[in-house]
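Quick notes on the structure that follows.
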Amino acid sequence: MPEGHTVHRIARLHREAFAGRGVRVTSPQGRFAAGAARLDGRTLDDVEAYGKQLFYRFGSDILHIHLGLVGKFLIYHGEAPAPTAGTRLSIAAGETVAYLAGPMVCELIDPDTEKQIVAGLGPDPLGGGTEEQFAAMVARRSAPIGAALLDQSVIAGVGNVYRAEALFLCGIHPDRPARALQPREVACLWRTIAGAMRLGERLGRIVTVSPEEVGAASPEDLAASDDERLYAYRRAGLPCRRCATELRAWTVGARTITACPHCQPPHPLRRTVQDGPAGATEEVRGC
DNA sequence: TCTTTATGGTGAG
DNA sequence: TCACCCTAAAGAT
């Protein structure tokens, strides 16, 4: 389940469990045997996340991990099962063991390489990025905003779920050119994504629906639900939670997005301002 | 036991 | 635009 919130959560949990301690590092599967042997027994100084990248610092040796689509960490406190045939990496200290399976990247790099990787990424809402940085990246993209949000050089850490949810919550059609968005729409996207990612990091699951909207007491309750956490992602053919219009799915940026035809109109709606200057209009949300 | 699915990204054509 | 890589877990048989 790796979007940025998952990666930052892993960094936090692993920092708490392993940082400042000597750690046992092995590669049960063998595909990271040489790297594991180099790190085994050494002190893990710190764990950091940026976007979807993880960096484990052992002095000037840095373990770089990217989970990709199917990669995951399984963490055990106390008794742990034997690693499976797919366990690329095992990190252990005291009572805690973390198994890594299916990562897209698991490699040793030096500090310069880390700098290059981070330099190629846009602002990370959970990593000190700013709304101004995001706005500057969006302003120079002619691609659809739905594609731009998946581009890690525009904003780091957003994946297919946060993209669909943020565009829905801000009432923005995914096909609209990024640079044509109004400043308030860009601001809405950044703030919505940042807030949702902070919540996701805390809950360990993406929740965007307002609890009161579905009669729930808290986001924690929604996190346990499979049906009520999200507004748009993978809900094609179902009625919009806000207006009951049937949600529609198509491809944007080589991945499937789902959106509401009514809440996310192709062009921002405008209406005449009653008490403003003659001919003045203001934007209104689809819903 | 088999099949399906996934929140990502790259490289070839 | 497509094929392809990585693996666990849920669902189907």
Next on the checklist: Holding to ring pair (Phe, Tyr, Trp, His ring centres under 6.0 Å), I want the full list of residues that pass it with A:Tyr99, two or more places apart in sequence or in another chain.
Outcome noted: A:Tyr76

Checklist entry - Between residues 105-126 of chain A and DNA chain B, which residues have a heavy-atom gap below 4.0 Å? => result none

Next on the checklist: Suppose we screen for side-chain contact (heavy atoms from CB on, under 4.5 Å). Which residues come up paired with A:Glu131, at least two apart in sequence or across chains?
Outcome noted: A:Ala187, A:Trp190, A:Arg191

Checklist entry - Which heavy atom of A:Pro265 sits nearest a heavy atom of A:Gly171, and at what distance? => result CD-O, 3.9 Å

Checklist entry - Any idea which heavy atoms bring A:Phe18 and A:Ile91 closest together, and the distance? => result CZ-O, 3.6 Å

Checklist outcome for this item: Closest non-hydrogen atoms of A:Ser225 and A:Arg205, given as atom of the first, atom of the second and distance, are O-NH1, 3.8 Å

Checklist entry - Listed by chain and number, what are the ring pair (Phe, Tyr, Trp, His ring centres under 6.0 Å) partners of A:Phe73, not counting sequence neighbours? => result A:His14

Please table the atom pairs, donor to acceptor, closer than 3.5 Å between any side-chain atom in residues 59-68 of chain A and protein atoms at least two apart or in another chain.
unit_1	atom_1	unit_2	atom_2	d
A:Asp61	OD1	A:Arg38	NE	3.4
A:Asp61	OD1	A:Arg38	NH2	3.2
A:Asp61	OD2	A:Arg38	NE	2.9
A:Asp61	OD2	A:Arg38	NH2	3.2
A:Asp61	OD2	A:Arg42	NH1	2.8
A:Asp61	OD2	A:Arg42	NH2	3.3
A:His64	ND1	A:Glu107	OE2	2.8
A:His64	NE2	A:Gln53	OE1	2.7
A:His66	ND1	A:Gly68	N	2.9

Next on the checklist: At less than 4.0 Å, is any side-chain N or O atom of A:Gln29 found next to OP1 or OP2 of C:dT7? Yes or no.
Outcome noted: yes

Checklist entry - By side-chain contact (heavy atoms from CB on, under 4.5 Å), which residues pair with A:Ala92, not counting sequence neighbours? => result A:Arg24, A:Val97

Are any protein N/O atoms closer than 3.5 Å to N/O atoms in nucleotides 9-13 of chain B? If there are, list each pair with its distance.
unit_1	atom_1	unit_2	atom_2	d
B:dG9	OP1	A:His66	NE2	3.2
B:dG9	OP2	A:Lys52	NZ	3.2

Checklist entry - Got a sec, which residues hit side-chain hydrogen bond (donor to acceptor under 3.5 Å, both in side chains) with A:Tyr231, two or more places apart in sequence or on another chain? => result A:Glu213, A:Arg242

Next on the checklist: Tell me whether the side-chain N/O atoms of A:Arg205 come closer than 4.0 Å to OP1 or OP2 in B:dT7.
Outcome noted: no

Checklist entry - Is it true that A:Leu247 and A:Leu149 fall in one hydrophobic cluster, defined by side-chain heavy atoms closer than 4.5 Å? => result no

For nucleotides 8-12 of chain C, print each protein N/O atom paired with a nucleotide N/O atom at under 3.5 Å, atom names and distance only.
unit_1	atom_1	unit_2	atom_2	d
C:dA8	OP1	A:Thr84	OG1	2.4

Checklist entry - Which is true for A:Leu67 with a 4.0 Å heavy-atom rule: it touches a base, it touches only sugar-phosphate, or it touches nothing? => result nothing

Next on the checklist: I need the residues from residues 194-201 of chain A with at least one non-hydrogen atom less than 4.0 Å from DNA chain C; give them sorted by number, or say none.
Outcome noted: none

Checklist entry - Given atom CZ of A:Arg31 and atom C1' of C:dC5, what is their separation to the nearest angstrom? => result 9 Å

Next on the checklist: With clusters defined by side-chain heavy atoms of hydrophobic residues (ILVMFWY) lying less than 4.5 Å apart, directly or transitively, does A:Val252 cluster with A:Leu69?
Outcome noted: no

Next on the checklist: Quick test of your reading: applying side-chain hydrogen bond (donor to acceptor under 3.5 Å, both in side chains), list the pairs with at least one residue in residues 246-260 of chain A, sequence neighbours left out, ordered by first then second residue.
Outcome noted: A:Asp175-A:Trp250

Next on the checklist: So, OP1 or OP2 of B:dT7: does either fall under 4.0 Å of a side-chain N or O from A:Tyr233?
Outcome noted: yes

Next on the checklist: Once side-chain contact (heavy atoms from CB on, under 4.5 Å) is applied, do any residues pair with A:Val70, and if so which ones, sequence neighbours excluded?
Outcome noted: none

Next on the checklist: With rounding to the closest Å, how many angstrom separate the C1' atoms on C:dA8 and B:dT10?
Outcome noted: 23 Å

Checklist entry - What is the distance from CG of A:Asn160 to C1' of B:dT7, rounded to the nearest Å? => result 7 Å

